[in-house]
Engineer: 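Below you will find the structure I want to go over with you.
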Amino acid sequence: MRRPSSSLPRGALFAASVMAVALVGPMGAGCTSGHDKASSNTRVIVLGFDGMDYALTKEMIAQGRLPHLARLAAQGTFQPLGTSTPPQSPVAWSNFITGMDAGGHGIFDFIHRDPKTMMPYLSTSRPEPSDKKLEFGEYEFPLTADKMELLRFGTPFWEVLQKKGIPTTIMRMPANFPPSGTATRELSGMGTPDIVGSYGTFSYYTSDPGAFHGKDVSGGTVYGVTVSDGVVKGTLYGPKNPFLVKSQEVSTGFTAYIDGQEPVAKIVVGDEERVLKVGEWSDWVPVTLKFVPTQSVRVICRFYLKEVRPVFGLYVTPLNLDPTRPAMPISTPASFAAQLAGATGPFYTQGMPADTKALMDNVFSAEELLTQANMAQEEAARQYNYVLDRFQEGLLFYYFGHSDQVSHMMWRSMDPQHPAYKASDARFKNVIPDLYQSLDEIVGATMKKMDPKTMLIVMSDHGFTSWRRAFHLNTWLKENGYLVLRDPSRKEDPGLFANVDWSRTRAYGLGLNGLYVNLRGREKWGVVDPRDRLPLMDEIIGKLTKTVDPKSGQIAVKSVFRRDDYKDTGHVEVGPDLIVGYAKGTRGSNESALGKVPSTVFMDNTEEWSGDHCMDPDSVPGILFASQPLKKPVARLQDLAAAILAEFGIENFPLRQ
Ligand SMILES: [Zn+2]
């Protein structure tokens, strides 16, 4: 049994290009050279801890639980760091990278929409499909190499250093896939897909697929398997085969042999064999997927044997790009990913490795998620030590995303008022504080290794808070007469605006904070006269900011930002007309984000995903620490790149195009 995903558009979105790139090898990862070499003894290390919250950090410092960060605060700087509008990670990191706001770098949300088709797409990168193909029997050969395109505009701050001959190592920077190619060394991070082009699609093989019947499994695929004489046969699926005229997924089979007595199984895939006990994880297993007899692509995956009797259950990670032979560019130089894998082992190349969806889809327990997330964090920490030990001069940036992903899933354990809180969640109440302590230890180990002249900056892109109430923006627009349904009696809303009557709709919500005017001449079925755009937006702002949550009696929307008010405007056209800043505790719903119009405006958030930050920016500041006073003051994330460059004696950033 295969369950199609109902999540973001994926798979088909990237698949063809992944395959074609696989055949021509990594592209676009050249290293700049030949610039005027300026000597610099300045050394700056920047540690990026995604989602580390200012208020919680301050509280833990006061409790004496973050001794190394407290030392940084005492000798240099500790302050809140203003986040981006909206405070979503791809937006925030792009603000940091370019020194510009979303109007300048063109990343406004996880997803954007194409007004010509009204279809959403992932905002940070896109495949450039090849349309020149040669048909030959059942095969179809692409005649040109496809490539991935980074959709972020603006000059990354490290490029300025690189041009002055100052070495830069930029590790796992979000919103930097494919890698910019303008650092001495780079490894791409958040935004890097798995082999099927998604942000991570797991597979789960179970002899009891009925347990998932009627449930929305959006983060992976559940396959029903049979156990026959202790043998289970399954298939690992890659992307669609671009060489077949009648497209089908490339795949390879595996076999699990269950031990007659012990809770043990042997997994065999290709030439690889792993013996696992129930509850055990395999190491990374290399797997070859064949397209045509002479062409193949390599991926890596890990197996987790969840149970063998009476039900068989085997989890397989998303098929990750093999860092030793990545099917898409993930590093600069192209060989750097393989060097890292050779030094500290294979690693998750997908940008967001913690499998939060496996928890939400009831494949993982909370404990299993934490085990898996910690394994990914340990890989990153090992790799950081390797890179840090080789750091001599210039800039080193290293990103840790574990703090964000675990906070999303575990925040309610610190909030007994959360609608999803269960008494049993109390056992997790130290998970996030412990995680902060582990980050503090990374800071301590760094301080021990660096000489006192090195500047150490520790920062986050935004803070965190409890997400108790979900707001269906499209339903609010419907109830206020801005959005009209084709069939109001329709029960099942498939999303993607399928039930929206565009001829009578003036505004719609898409993404976690975006609100768009259905503008004539821009949207495919636009009806609003461009002269009426600003008055309509002001009217919506007036009503939205007065909306009260009937459950709490509190205002649900604290601020609404007009894209016309971004300071940078070079790429503002891509963005939503309005950015909704939900009050602390309320967030735009996932349903509305993908064009659904549920029946009520407000809903309790009863999901495992219980913490968030996509709210009013002033309510969720990040952190900034520096080991010495900074030469240039920093109030917001967007100012930080200029302050880092100022440490190297470079003024004049950002570079606005
Ligand atoms: Zn987040």
Side-chain angles (χ1 to χ4, degrees), residues 1-3 200-215 217 219-238 251-289 298-320 322 345-348 353-379 409 424 427-428 431 608:
M1 182 189 68
R2 303 205 60 206
R3 289 174 175 272
T201 301
F202 67 79
S203 302
Y204 189 59
Y205 302 85
T206 174
S207 59
D208 182 21
F212 295 88
H213 268 151
K215 291 184 182 154
V217 178
T221 310
V222 172
Y223 300 92
V225 291
T226 47
V227 182
S228 165
D229 291 334
V231 177
V232 175
K233 289 199 176 292
T235 306
L236 301 172
Y237 290 96
S251 62
T252 193
F254 70 86
T255 309
Y257 300 92
I258 302 169
D259 188 275
Q261 271 91 44
E262 300 299 317
V264 168
K266 180 169 80 173
I267 319 285
V268 180
V269 52
D271 299 334
E272 303 285 335
E273 280 185 19
R274 300 291 188 279
V275 176
L276 299 177
K277 283 190 203 136
V278 166
E280 231 173 35
W281 283 82
S282 77
D283 59 348
W284 285 107
V285 179
V287 173
T288 301
L289 303 170
R298 269 268 291 241
V299 294
I300 55 170
C301 61
R302 292 181 77 163
F303 294 84
Y304 169 63
L305 186 62
K306 190 175 165 83
E307 50 193 349
V308 289
R309 270 183 291 267
V311 171
F312 175 84
L314 178 71
Y315 164 94
V316 184
T317 61
L319 301 180
N320 272 242
D322 181 346
F347 55 91
Y348 273 101
D355 203 340
T356 53
K357 286 182 171 174
L359 174 62
M360 290 192 287
D361 291 341
N362 296 306
V363 167
F364 277 172
S365 65
E367 283 85 356
E368 286 167 333
L369 169 72
L370 290 173
T371 300
Q372 184 267 340
N374 287 338
M375 290 187 323
Q377 164 71 0
E378 279 160 20
E379 275 175 12
M409 308 314 289
S424 58
R427 70 191 193 279
F428 297 120
V431 164
E608 299 281 346

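If you're wondering where the values come from, they're calculated on a predicted model, not measured in any experiment. Residue numbers run from 1 in the order of the sequence given.
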Engineer: Please, which pairs that meet side-chain hydrogen bond (donor to acceptor under 3.5 Å, both in side chains) have at least one residue in residues 253-269, sequence neighbours excluded?
Structural biologist: Lys233-Thr255
Engineer: May I have the step-by-step check of salt bridge (Lys or Arg N to Asp or Glu O under 4.0 Å) for Arg274 and Glu272, ending in yes or no?
Structural biologist: CA-CA 7 Å; Arg274 300 291 188 279; Glu272 303 285 335; 2.9 Å; yes
Engineer: Less than 4.5 Å apart, side chain to side chain, heavy atoms only: is that true for Val264 and Val275?
Structural biologist: yes
Engineer: What verdict does the side chain to side chain contact (heavy atoms under 4.5 Å, CB included) test give for Leu314 and Ile267, after you've listed the backbone C-alpha separation in whole Å, the side-chain angles of each residue and the deciding distance to 0.1 Å?
Structural biologist: CA-CA 10 Å; Leu314 178 71; Ile267 319 285; 4.0 Å; yes
Engineer: Could you walk me through whether Tyr348 and Gln372 pass the side-chain hydrogen bond (donor to acceptor under 3.5 Å, both in side chains) test, one step at a time?
Structural biologist: CA-CA 11 Å; Tyr348 273 101; Gln372 184 267 340; 2.8 Å; yes
Engineer: How many angstroms lie between CZ in Phe254 and CG in Leu236, if you round to the nearest 0.5 Å?
Structural biologist: 5.5 Å
Engineer: Taking the six-membered ring where the residue is Trp, are the ring centres of Phe364 and Phe202 under 6.0 Å apart?
Structural biologist: no
Engineer: Would you compute the distance between atom CE of Met409 and atom CD of Glu608 and round it to the nearest 0.5 angstrom?
Structural biologist: 5.5 Å
Engineer: Whether the Tyr315 and Asp355 side chains hold a donor-acceptor pair (N or O, under 3.5 Å, no angle test) is what I'd like checked.
Structural biologist: yes
Engineer: Could you label the plane-to-plane angle of the Trp281 and Tyr304 rings as parallel, tilted or perpendicular, counting under 30° as parallel and over 60° as perpendicular?
Structural biologist: parallel
Engineer: What is the distance from atom CD1 of Ile300 to atom CG of Leu319, rounded to the nearest 0.5 Å?
Structural biologist: 10.0 Å
Engineer: Assign the ring pair Tyr223 / Tyr237 to parallel, tilted or perpendicular, where the plane angle (0 to 90°) is split at 30° and 60°.
Structural biologist: parallel
